[in-house]
S.K.: 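First the structure, then my questions, so here it is.
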Number of protein chains: 2
Amino acid sequence: MTLIQLRYLVAIFDAGLNITQAAEHVHATQPGLSKQLKQLEDELGFQLFARKGKSLSAITPAGRQVIERARIILAEARNIRALAANLRGDDKGELTIATTHTQARFVLPHAIVALKQRYPEVDVHLKPLGDAQIMGLFERGQADLALISTTGAAPDEGLSVPLFRWRRVVVVPNGHRLAALQHPLALSDLANETLVSYESSLRAESSLRRAFAAAGIVPRFSCTSRDADLIKTYVRAGLGVGVFADMAFTAEDANDLRLIGGGGLFPECTTWLVLRRDRVLRGYAAALAELIAPQLDQRDLQRALVGEEPEHWPQPPYWSELQAKIAVKRA
Amino acid sequence: MTLIQLRYLVAIFDAGLNITQAAEHVHATQPGLSKQLKQLEDELGFQLFARKGKSLSAITPAGRQVIERARIILAEARNIRALAANLRGDDKGELTIATTHTQARFVLPHAIVALKQRYPEVDVHLKPLGDAQIMGLFERGQADLALISTTGAAPDEGLSVPLFRWRRVVVVPNGHRLAALQHPLALSDLANETLVSYESSLRAESSLRRAFAAAGIVPRFSCTSRDADLIKTYVRAGLGVGVFADMAFTAEDANDLRLIGGGGLFPECTTWLVLRRDRVLRGYAAALAELIAPQLDQRDLQRALVGEEPEHWPQPPYWSELQAKIAVKRA
DNA sequence: CGCGTTTACGTCGTTCGTAACGATA
DNA sequence: TATCGTTACGAACGACGTAAACGCG
């Protein structure tokens, strides 16, 4: 049994039992994989895959167990290499981030630009997804880190670090009758409006719905999306009152959209950086965290990952405060 | 990086940085290890060990981290091999059991004899230790399974399976004045006696001490030991009243020792089989569990380990019941 | 006949053990 | 001088890629 054999094994499995395709993934030849697989099976003394004629038709139950273990082994081998790369200051690598559209579009850009400036050799892969899918991807180990927002407690998978807090804004097109409201906006003002908001607001447990429910209102959504840009577009098109993250309301939006409230209407949200405890954090990944939320210290992050730190994080600042600081820094 | 390199690395570390000694452990030559270590360091790009002249003087912090990961990798590699050995019905291997003296001396013998009969090629290593050391050894991965007793809940490390329940007995030499007691033994009868019992009874949290404390008695121990045989010896020598596990009171002991009580005086104990969730259980290990406690099913054990089972175990029988069943079976 | 796997074979790199050398206490 | 680690070298092994054969739809 060698690391190479295990690597080939999972490659074959992940390629859907197509050895030729797997060979491309691992930059090797097809007969090479074929032979190594056979050798591994010979050594273990049983079939990892069921054969139908010459081609692989299915994985055996035992094979599945071996692959599970092999994944752990390969992950730890990667960890050792990552450890080494960090130590020798190797600034080359990849960074896969699972997050929501809003974070990817309005929070991450400046941080990633700064990251690429400092680490030109790092390739960043963004995976904008729905909330549930983010953690799914993350748990399957297909992302190095996740950025996710909650109203209350931290996500229960992995190590969660609070980055910043934010609030929802309520937005209408210029000229909308709510734009001329004389008193501060209340939830009751929205009782008869149709709303345009995030897809996640449709879920009964969403904090938005619960806030409305507490006020005795059942909100109507004329249009929902994961994409804050789309939400703004449909607000402009007159489909209703927009409710979305304050990060997504830009200076340009102020030209034709009117921010009519948000402050205390809905519970505040926290955006968390979620890391896998079983994965070594590359230096540039820690740097990204610091670029997003400068109150964090890379070394605290690394220490928390190995469990040396009490893992207690201070209440994070509001996004607007971070935004201001970053603007100052840039000037 | 290869599995061999990682194996050599931890071997060197475990041999106290003595490469020659490590080479013997892994059945290889010293120059071989030396070279592989160098190659690994070259590939990773940093020193795993600090050198003083030519010899290794200390492990670097980075080296320590690598070794941690390497241990995981090697453990999983072993798991894969164990999986394979189980599947192909390979009945050769080792079994290291961390347990108390009482279990090793009075509970395990018949089970291990039966095991060796069924699996002659399995080498059993018993590690009789104190309670705290048992779990220490187990957590360090130096034992395949632990047998440990508690009065209440299961140990919190690993997967615990209740094997049987037992009670303490109170024993005096023939002719002792307590042997002639007219009424059933009460704790108060022991108030002015010196006791001979387990070392663990000295701890303030021990269930024995707490039972005495509840009766307003502070017990005096004239002699303590982990070894029930020693306890009996000193009871015979007249050092005091013996209190120990009923498993340790044999038919032969009844010749010169008098069992004067125990039934309800002290809380009952449960003996647990503790398994590591991250370790594949060899077939013969599961068989041993079944030999000790026939109410268990090997397959339930295996399933519980992979987390498929609700992991709820029935209240185990008393040791005396098991003992009786086994006697019947043997006849 | 295309697709995918296996078998055959030659090359190259690597591991391993033996033996000699070097450093240290 | 004894102990321990490194270097040198030759033999054996193993991995890899190319090319050809085989099975299946």
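By convention in this document, chain letters (A, B, ...) are assigned in the order of the sequence lines, proteins followed by strands, and residues within each chain are numbered from 1. Values below: every heavy atom of this structure, side chains too, minus hydrogens, waters and symmetry copies.
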S.K.: In Å, rounded to the nearest 0.5 Å, how long is the span from CG of Leu40(A) to CG of Leu6(A)?
M.R.: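 Here the interatomic distance stands at 6.0 Å.
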
S.K.: Tell me: CD1 of Ile19(A) to P of dC24(D), nearest whole Å?
M.R.: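 It works out to 16 Å between those atoms.
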
S.K.: Within this structure, what is the NZ-to-P distance between Lys38(B) and dG5(D), rounded to whole angstrom?
M.R.: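 Result: 14 Å.
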
S.K.: So Val274(A) and Met135(A), do their side chains get closer than 4.5 Å, heavy atoms only?
M.R.: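 They are in side-chain contact.
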
S.K.: Are any of the side-chain heavy atoms of Val306(A) and Gln302(A) separated by less than 4.5 Å?
M.R.: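 They are not in contact (no side-chain heavy atoms under 4.5 Å apart), so the answer is no.
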
S.K.: Which donor-acceptor pairs under 3.5 Å do the side chains of residues 70-96 of chain B make with protein atoms, sequence neighbours left out?
M.R.:
unit_1, atom_1, unit_2, atom_2, d
Arg71(B), NH1, Asp14(B), OD2, 3.2
Arg71(B), NH2, Asp14(B), OD1, 2.8
Glu76(B), OE1, Arg69(A), NH1, 3.2
Glu76(B), OE1, Asn79(B), ND2, 3.2
Asn79(B), OD1, Val280(B), N, 2.8
Asn79(B), ND2, Asp278(B), O, 2.8
Asn86(B), OD1, Arg282(B), NE, 3.0
Asn86(B), OD1, Gly283(B), N, 2.8
Asn86(B), ND2, Leu281(B), O, 2.7
Arg88(B), NE, Leu44(A), O, 3.0
Arg88(B), NH1, Asp90(B), OD2, 3.1
Arg88(B), NH2, Leu44(A), O, 3.0
Asp90(B), OD1, Lys92(B), N, 3.2
Glu94(B), OE1, His125(B), NE2, 2.9

S.K.: Could you list the residues that satisfy side chain to side chain contact (heavy atoms under 4.5 Å, CB included) with Val113(A), not counting sequence neighbours?
M.R.: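 Val113(A) satisfies side chain to side chain contact (heavy atoms under 4.5 Å, CB included) with Gln117(A) once adjacent residues are dropped.
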
S.K.: When the distance from CG of Leu33(B) to P of dC4(D) is rounded to whole Å, what number comes out?
M.R.: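 Taking CG of Leu33(B) and P of dC4(D), I get 14 Å after rounding.
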
S.K.: Taking for each residue the nucleotide of DNA chain D bearing the nearest heavy atom, is the 5' side occupied by Tyr8(A) or by Lys52(A)?
M.R.: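 Its nearest nucleotide being more 5', the pick is Tyr8(A).
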
S.K.: With a 3.5 Å cut-off and no angle check, do the side chains of Tyr198(B) and Thr102(B) form a donor-acceptor pair?
M.R.: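 Their side chains do contain a donor-acceptor pair, which is all the 3.5 Å distance test asks for.
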
S.K.: Going by heavy atoms in the side chains, are Lys116(A) and Asp123(A) under 4.5 Å from each other?
M.R.: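 Lys116(A) reaches Asp123(A) side chain to side chain.
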
S.K.: Taking side chain as C-beta onward, heavy atoms only, is Leu56(A) less than 4.5 Å from Phe13(A)?
M.R.: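 Heavy-atom side-chain distance check fails, nothing below 4.5 Å.
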
S.K.: Not counting sequence neighbours, which residues clear side chain to side chain contact (heavy atoms under 4.5 Å, CB included) with Gln30(B)? List them please.
M.R.: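 Only Ile19(B), Thr20(B), Ala23(B), Ser34(B) meet the side chain to side chain contact (heavy atoms under 4.5 Å, CB included) criterion with Gln30(B).
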
S.K.: What contact category does Leu17(B) fall into here, base, sugar-phosphate, or nothing, at under 4.0 angstrom with non-hydrogen atoms?
M.R.: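 Here Leu17(B) touches the backbone only, sparing every base.
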
S.K.: Can you name the closest pair of heavy atoms from Ile134(B) and Leu147(B) and give their distance?
M.R.: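 Closest pair (atom of Ile134(B), atom of Leu147(B), distance): CD1-O, 4.1 Å.
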
S.K.: Can you tell if the side chain of Glu199(B) reaches within under 4.5 Å of the side chain of His101(B), non-hydrogen atoms only?
M.R.: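 Result no, sub-4.5 Å side-chain heavy-atom pair not found.
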
S.K.: Return the value, rounded to whole Å, for the distance between atom NZ of Lys35(A) and atom C1' of dT18(D).
M.R.: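 It is 13 Å, rounded to the nearest whole Å.
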
S.K.: Contacts to DNA chain C from residues 24-32 of chain A, heavy-atom cutoff under 4.0 Å, which residues?
M.R.: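 When residues 24-32 of chain A is checked for heavy atoms under 4.0 Å from DNA chain C, the hits, listed by number, are Gln30(A), Pro31(A).
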
S.K.: Relative to the 5' end of DNA chain C, which residue comes earlier, Ser55(B) or Ser34(A), by the nucleotide with the nearest heavy atom?
M.R.: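 Mapping each residue to its closest nucleotide by heavy atoms, the 5'-most match is Ser34(A).
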
S.K.: Between the opening five pairs and the closing five pairs of the helix from dC1(C)-dG25(D) to dA25(C)-dT1(D), how far apart are the helix axes, to 10°?
M.R.: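 For the helix from dC1(C)-dG25(D) to dA25(C)-dT1(D), the axes at either end differ by 30°.
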
S.K.: Find the distance Leu56(B):CG to dG5(D):P and express it as a whole number of Å.
M.R.: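 Answer to the nearest Å: 6 Å.
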
S.K.: Under 4.0 Å between a side-chain N/O of Gln21(B) and OP1 or OP2 of dT3(D), yes or no?
M.R.: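 It does not, given that no N or O in the side chain of Gln21(B) lies less than 4.0 Å from OP1 or OP2 of dT3(D).
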
S.K.: Name the first nucleotide and the last nucleotide along DNA chain C (5' to 3') that come under 4.0 Å of a heavy atom in chain A.
M.R.: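 Range of nucleotides touched by chain A: dG4(C) to dT7(C).
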
